[in-house]
Every structure is written in structure tokens, then in C-alpha cells.
Engineer: 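Structure below; questions to follow.
Please read these numbers as outputs of a predicted model, since none were measured by experiment. Order of listing sets the numbers, starting from 1, for every ligand and every atom in it.
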Amino acid sequence: MVLLGLRTQSSQSIGHPVRQPDGTERERSGFERDPNKYASSLKTMLSQKDGAEMIFIPPGEFILGTNAGYANEKPEHMVFLEGFYIYKLEVTVGQYKKFIREPQGGGHEPDEPYSVHMPNDYFTNPEYDRYPVVNVSWEDAEAYCRWAGNRLPTEAEWEKAARGTDGRTYPWGVAWDEQKANWDDETGGFRVDGYRFTAPVGSFPEGASPFGVHDLAGNVWEWVNDWYQPYQGNATQDPDYGQVYRIIRGGSWLRYPLGLTCTARDTCAPTLRYDSIGFRCASNLR
Ligand SMILES: [Ca+2]
Ligand SMILES: [Ca+2]
């Protein structure tokens with residue numbers, strides 16, 4: 001179902017009923033009518049194993065995909081999700097250390113080489129414990145989430161956490177703002193956001209999503225659970241579709257502005273590790 005016009009939804013149209021995939025309409029929930037009203041009272045909880053703050057994303061429909069992006073982001077369509085929790089912040093080096101050092105933890109120590117911008121002691125120096133963990137594969141990320149009693153977010157959950165329900169392009173709104181995310185590695189010869197490589201998690205509070213989730217644009221790409229598959233109704237051919245690549249979302253500190261939208265879909269083989277890819281966890285209601 002294509003929902004032209006919802007991207008630039010006016011305050012008046014926010015009160016209009018939602019047209020559902022079967023053609024019927026339903027009234028908007030209180031949250032959908034006025035998400036800002038709920039922003040200060042959203043439920044949070046702590047993940048017991050790693051102490052991570054988790055934010056509740058309420059049940060309901062949201063707009064997934066966009067007709068304005070790359071072929072793999074189309075078509076724009078409504079998706080209903082049950083309520084879920086998602087980490088407010090990316091998983092940090094400090095949290096990941098706890099995971100690999102616990103007997104029941106496991107996982108692979110992120111010892112792949114770092115690119116020229118990053119310090120070689122990124123994982124071992126406590127100075128970086130509040131920075132996002134990187135050089136973790138999808139399998140590492142999935143194992144961490146399981147150890148923490150959680151799971152990776154689905155691709156749809158990640159997009160809803162980033163985008164809210166108004167179909168916006170960036171977590172903070174419709175327009176690009178170079179100050180609201182860590183996205184520039186300074187190779188362009190100018191300093192845009194103040195960080196040459198990763199930034200401590202939560203360094204861009206003004207770039208948080210409507211639900212108060214941080215760093216969904218930039219800092220590190222984030223593994224999500226899904227294989228790279230076309231959205232329903234997308235007839236484009238892409239040889240990478242299938243069960244070969246996992247999805248990564250949100251772009252990173254490695255200058256690639258086009259990856260920073262809420263809808264951009266990139267991919268990586270699940271066994272590979274890069275210093276621009278990390279993750280966060282999610283969980284069902286409990
Ligand atoms: Ca930067
Ligand atoms: Ca991120």
C-alpha cells in the first residue's frame with residue numbers, strides 16, 4: 001500500500017483515520033495522534049545482564065520503506081508491530097568485555113585490525129569502554145544478545161524505533177542535519193561533528209529518535225536480525241537477495257551520508273567484522 005503524502009504529514013492530518021491494508025479505516029491511537037505527549041512518559045527498563053537501558057516501543061502501525069530512496073527501500077508501506085523494547089544506546093566496548101569474559105558468555109574478542117583513524121587499543125584500553133563495540137560479526141552480535149537475555153531487533157523494529165510513526169527521513173526529522181550524528185571521518189578536510197572515528201554512545205542527544213533512542217543515524221552501522229530480502233511488492237532484481245547477507249542499518253562514522261537515513265538498507269556477510277559495524281539488542285514484552 002502506497003501512502004503518498006504521509007511523509008509531510010500536517011498536524012491536521014495526524015488526527016485522520018489510518019487506512020489499513022484491507023481498505024478499511026481505523027481511528028488513530030493516542031500515541032499516533034500526539035507522540036510528543038508520550039515522549040516524556042515512555043516506559044523504560046534495564047537489561048539485567050549488561051545494565052543497558054531499554055526503551056519501550058508501543059504497538060501499532062508505522063510507515064516502512066520509502067518511494068524516494070534506493071530500489072531496495074521501496075515500496076513505502078504500512079506495517080503493524082507488537083510492542084517491544086530496544087536498547088537506548090549501541091552496545092558498548094565495556095558491555096561486550098563483560099560478555100566475553102564471563103564463563104557463560106563466549107563470543108569472539110574483536111581483534112581485527114582497525115582502520116587508520118582508530119586506536120589499536122580500542123578494545124583493551126578502558127578509555128573506550130563507553131564507545132560502541134565494533135569488529136563484531138552478526139554471529140557475535142546474535143550471541144551477545146542471547147547472553148543478555150535479549151535478541152537482535154528485526155529490520156522493521158529497528159526502522160520503527162528510528163522513525164516513529166510519521167514517516168520521517170532521519171531520527172530527528174525530515175531534513176538532514178550534519179550536527180546531529182557522528183557520520184564524518186574528517187577525510188574531507190573539515191570537522192563536522194567533532195569525532196574522527198566512533199563517539200561515546202549517546203553523544204548526540206539532539207539526534208535521538210521520537211522514542212528517545214540514540215545514535216540510530218551514524219556512529220556505527222547496526223546488525224539487525226533479517227536476511228537481505230526484498231520488501232513485499234518490490235519486483236526489482238538484486239542478486240544479493242536471499243539468505244547470504246544480513247542487513248545493517250543506520251550508517252556510520254565512516255563518511256557515507258546516504259546510509260544515514262532511517263530507511264537505508266545495506267548488507268554484510270554474517271561472519272565478517274568491520275570497525276564501522278556494531279549493534280544493539282531488542283526484546284519482546286516481559
Ligand atoms: Ca565524525
Ligand atoms: Ca548507529
Engineer: Please calculate the OD2(Asp193)-the Ca ion (ligand 1)-O(Asp184) angle and round it to 10 degrees.
Structural biologist: 100°
Engineer: With the Ca ion (ligand 1) at the apex, how many degrees lie between O of Tyr195 and OD1 of Asn182, rounded to 10 degrees?
Structural biologist: 110°
Engineer: With a 6.0 Å cut-off on ring centres, are Phe123 and Tyr128 close enough?
Structural biologist: no
Engineer: Quick one: are the ring centres of Tyr170 and Trp176 less than 6.0 Å apart?
Structural biologist: yes
Engineer: Salt bridge or not between Asp129 and Lys97? Use side-chain N to carboxylate O under 4.0 Å.
Structural biologist: yes
Engineer: Taking both backbone and side-chain atoms into account, decide whether Arg280 has an N/O/S atom under 3.0 Å from the Ca ion (ligand 2).
Structural biologist: no
Engineer: Any N/O/S atom, backbone or side chain, of Val220 lying under 3.0 Å from the Ca ion (ligand 2)?
Structural biologist: yes
Engineer: Run through Phe99, Tyr144, Trp223, Trp138 and flag the one making a ring pair (Phe, Tyr, Trp, His ring centres under 6.0 Å) with Phe279.
Structural biologist: Tyr144
Engineer: Closest to the Ca ion (ligand 2), which N/O/S atom of Glu90 is it?
Structural biologist: OE2
Engineer: Please calculate the O(Asp215)-the Ca ion (ligand 2)-OE2(Glu222) angle and round it to 10 degrees.
Structural biologist: 80°
Engineer: Is Arg196 salt-bridged to Asp185, going by a charged N under 4.0 Å from an acidic O?
Structural biologist: no
